[in-house]
2 protein chains.
Amino acid sequence: MPSNRPDVAPEVKRQEIRSAARSLFFSEGFDKTSVARIARAAGVTPNTLYWYYAGKEQLFAAVVEELTALFFMGLENRDPQEPVRETLAWVIEAMDAAQPLIVTLHEKARTSDAIAAVHERFHTEVATLIGERLRARGVDEARMPAIIHIVSFSVEGLLMHELAPAERQAVIDEMAARLFV
Amino acid sequence: MPSNRPDVAPEVKRQEIRSAARSLFFSEGFDKTSVARIARAAGVTPNTLYWYYAGKEQLFAAVVEELTALFFMGLENRDPQEPVRETLAWVIEAMDAAQPLIVTLHEKARTSDAIAAVHERFHTEVATLIGERLRARGVDEARMPAIIHIVSFSVEGLLMHELAPAERQAVIDEMAARLFV
DNA sequence: ACCTGAACACCGTTCAAGT
DNA sequence: ACCTGAACACCGTTCAAGT
């Protein structure tokens, strides 16, 4: 057995660690996932993980960053003309699986700079996209920042609380009807 | 030095532990507050704490329960006729100090039954109160559940994200103008 | 540059023993 | 019923040593 494995490219191993972490964070949550468990799932020892990532929180930040990049790619590829309620429904569906991560994101953003930065960037990008939709529909420019907050808070709320599908849809409809006008 | 202190009434000591926990949860956050530190602040040993509370999470649930009871007392004592924006501003202000606890509440609600119950109860009571205000203003009954969700999600959002006072006020105004009609 | 075995300080919780 | 000292299993992280 080799004591180290330089046969595997470092970028690949970074990815393996990140994937193992994502999978476990999803299924078990951040707190209940130990660094040892992530390392085992990635086929390395715990201390090797620290060569690739500065710590558990930075690894979490990297996972979130990867997911948000994917999310924005999907969102930007959608037709900007589509009805608001359809876009919102897609957003909720796309982020639904990440529910436990979103809660953790807010928790850790309070104490970790790395995570606060990811969180901040996400809100900024979402705000820009909602802003474009509002502007296209002729919403009063001065009121837009407040409306953007209400929309993104409501989306976050939908993701953080278990609602029945019909209730969820009703919230989306009400947002489309009352806020995007 | 007495090995135990039956001189202090058990209800008092329970309260001492709860107060110490609340204070530390506020200033340090749930994760960074160790049981040992709570015990020290309350003047007991860690294992004594376990005689009064089943664990750290149950203690957290008790703290949240105490705070929500206070919050609802304050809220119910307000004039139901007052403008919506004033009530909302009061709500935000009253809960602002509890910001870190609110994030933790959502995090732990996913895995702890005790905390999920407190969280659930809070949302139900808030929904009832918002519902009364909406009904008084003649809002369409069928649309009320969705609007209630948007309002409570937005309040939660305001509490979980640092907004400048003016932005915060703008969000409140927009809610009053667009949702309570 | 990359990886390991072994250790470190700390955590929430438990338990046998006391009064 | 109430409280303690001492221990338990586990945690994230570090470090000296290897290749």
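Each chain gets a letter, A, B and so on, in the order the sequences are listed, and its residues count up from 1.
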Next on the checklist: Could you check whether A:H106 and B:H106, counting side-chain N and O atoms only, form a donor-acceptor pair closer than 3.5 Å?
Outcome noted: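 Result is no, nothing qualifies.
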
Checklist entry - Is there a donor in the side chain of B:H123 and an acceptor in the side chain of B:E156, or the other way round, less than 3.5 Å apart? => result yes

Item to check | Matching residue for A:F25 among A:V64, A:D31, A:T33 - test: side chain to side chain contact (heavy atoms under 4.5 Å, CB included) | outcome: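 Exactly one candidate clears the test, A:T33.
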
Item to check | Pair assignment for D:dA16, Watson-Crick or G-U wobble, requiring both distances under 3.5 Å | outcome: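 Partner of D:dA16: C:dT4.
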
Next on the checklist: Quick check on D:dT4: is either OP1 or OP2 less than 4.0 Å from any side-chain nitrogen or oxygen of B:T45?
Outcome noted: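 Answer is yes, contact under 4.0 Å.
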
Next on the checklist: I want to check one thing: is the phosphate of D:dC3, taken as OP1 and OP2, less than 4.0 Å away from some side-chain N or O of B:K13?
Outcome noted: yes

Item to check | Any A:V84 side-chain heavy atom under 4.5 Å of A:R137 side chain | outcome: yes

Item to check | Residue pair B:H149 / B:M144, side-chain heavy-atom distance below 4.5 Å | outcome: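 In short, these two side chains do not touch, never coming nearer than 4.5 Å.
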
[X] [atom1] to [N] [atom2]: how many Å, rounded?
X     : N      : atom1 : atom2 : value
B:Y50 : D:dT4  : OH    : C1'   : 15 Å
A:F60 : D:dT13 : CZ    : C1'   : 19 Å
B:L24 : C:dC11 : CG    : P     : 12 Å
A:D31 : C:dC11 : CG    : P     : 15 Å
B:E16 : D:dC3  : CD    : P     : 10 Å
B:R40 : C:dC11 : CZ    : C1'   : 13 Å
A:R14 : C:dC2  : CZ    : C1'   : 14 Å
A:R37 : D:dT13 : CZ    : C1'   : 20 Å

Next on the checklist: Does A:Y52 reach a base, just sugar-phosphate, or nothing at all? Heavy atoms under 4.0 Å.
Outcome noted: sugar-phosphate

Checklist entry - Base, sugar-phosphate, or nothing: which does B:S34 touch, judged by heavy atoms less than 4.0 Å apart? => result sugar-phosphate

Where the side chain of [X] is concerned, which of [options] is the nearest nucleotide?
X     : options               : answer
B:W51 : D:dA1, C:dT4, D:dT4   : D:dA1
B:K56 : C:dT13, D:dC3, D:dT14 : C:dT13
A:V35 : C:dT13, D:dT13, C:dT4 : D:dT13
B:P46 : D:dT4, C:dT13, D:dT14 : C:dT13

